[in-house]
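Below you'll find the structure, written out as structure tokens, and then a few comments.
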Amino acid sequence: MGLFLGGLLSAGVLWLVSGLFSPVPETGRTWTAVGVALLGVARDAGWISVRLPQNARQVPQDVLQRDLVRGALQFGFELGTGVRTYVSASLPYVVAVAVLCANDPTVALLVGLGFALGRAITPALRLAAGTGDEWDLRLLDRLPLLAVGGGSVLALALTALALG
């Protein structure tokens, strides 16, 4: 529950800020999102080096130790916002820019829910695999492909949208 509340909060903030971009013509906003997506793909592929803005630390463990139920909600909320944790791939940033450029509350809502679902599904899949350490190693091996592949799909989708 906390993950979804955190994802919705971040999406709501992005949607509110997106109003500042409304004077920019829609095609300009769309091509900006395409350009940022291409930069994200180039970064994740290792072709360019761009430092991502992030709060590079984990949610503290004592959050869960104080009160299990409230701590789990707080931990999930903070993880769901994407603000108080590591984000190693460019894709979440590209999607955030796309939300800013879209200036659409439905897009923001869907992205917030999708981000939270993505954050929730990873530990669920790890737990379901039953082989935590092996699962982690397989994920690390595939992470570059997932990042570049996801970014490429988003860049292509945005380009298709821009071209009409």
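Source: prediction; values computed, not measured. In this chain, numbering begins with 1 at the start of the sequence shown.
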Backbone N/O of Val36 and side chain of Tyr93: donor-acceptor pair under 3.5 Å: no

Qualifying residues under salt bridge (charged side-chain N to carboxylate O under 4.0 Å, His left out), relative to Asp104, sequence neighbours excluded: none

Asp133 CG: over 12 foreign heavy atoms closer than 6.0 Å: no

Closest non-hydrogen atom pair between Ala11 and Ala108, with its separation: CB-O, 2.9 Å

Residues in side chain to side chain donor-acceptor pair (under 3.5 Å) contact with Thr32, at least two apart in sequence or another chain: none

Same apolar cluster (I L V M F W Y, side chains within < 4.5 Å links), Leu39/Val41: no

Donor-acceptor contact below 3.5 Å, side chain Ser22 vs main chain Ser18: no

Remaining members of hydrophobic cluster (4.5 Å side-chain criterion), Phe4: Leu8, Leu109, Leu113, Leu117

Pairwise distance CG(Leu139) to CG(Leu146) - rounded to 0.5 angstrom: 7.0 Å

Atom pair CG (Leu52) and CG (Asp44), whose distance is rounded to the nearest 0.5 Å: 7.5 Å

Heavy atoms from other residues, nucleotides or ligands near CZ of Arg138 exceed 12 (cutoff 6.0 Å): yes

ILVMFWY cluster, Leu163 and Leu158 together (side-chain gap under 4.5 Å): yes

Beyond-backbone contact of Asn103 with Phe21, side-chain heavy atoms, under 4.5 angstrom: no

Value rounded to 0.5 Å, distance of CG in Leu154 from CG in Leu91: 6.0 Å

Sidechain-backbone polar pair: Arg29 side chain, Val24 backbone, donor-acceptor under 3.5 Å: yes

Spacing of CG belonging to Leu156 relative to CG belonging to Leu161, to within rounding of 0.5 Å: 12.5 Å

Where Val94 and Gly40 come nearest, the two heavy atoms and their spacing: CG2-CA, 4.2 Å

Val99 with Phe115, same ILVMFWY side-chain cluster at under 4.5 Å: no

Straight-line distance of Thr122 OG1 to Leu127 CG, nearest 0.5 Å: 12.5 Å

Nearest heavy atoms of Ala98 and Ala33, plus distance in Å: CA-CB, 4.2 Å

Joint cluster assignment, Leu9 & Leu100, ILVMFWY side-chain distance < 4.5 Å: yes

Same apolar cluster (I L V M F W Y, side chains within < 4.5 Å links), Leu14/Val107: yes

Between CZ on residue Arg142 and CG on residue Leu137, distance to nearest 0.5 Å: 10.5 Å

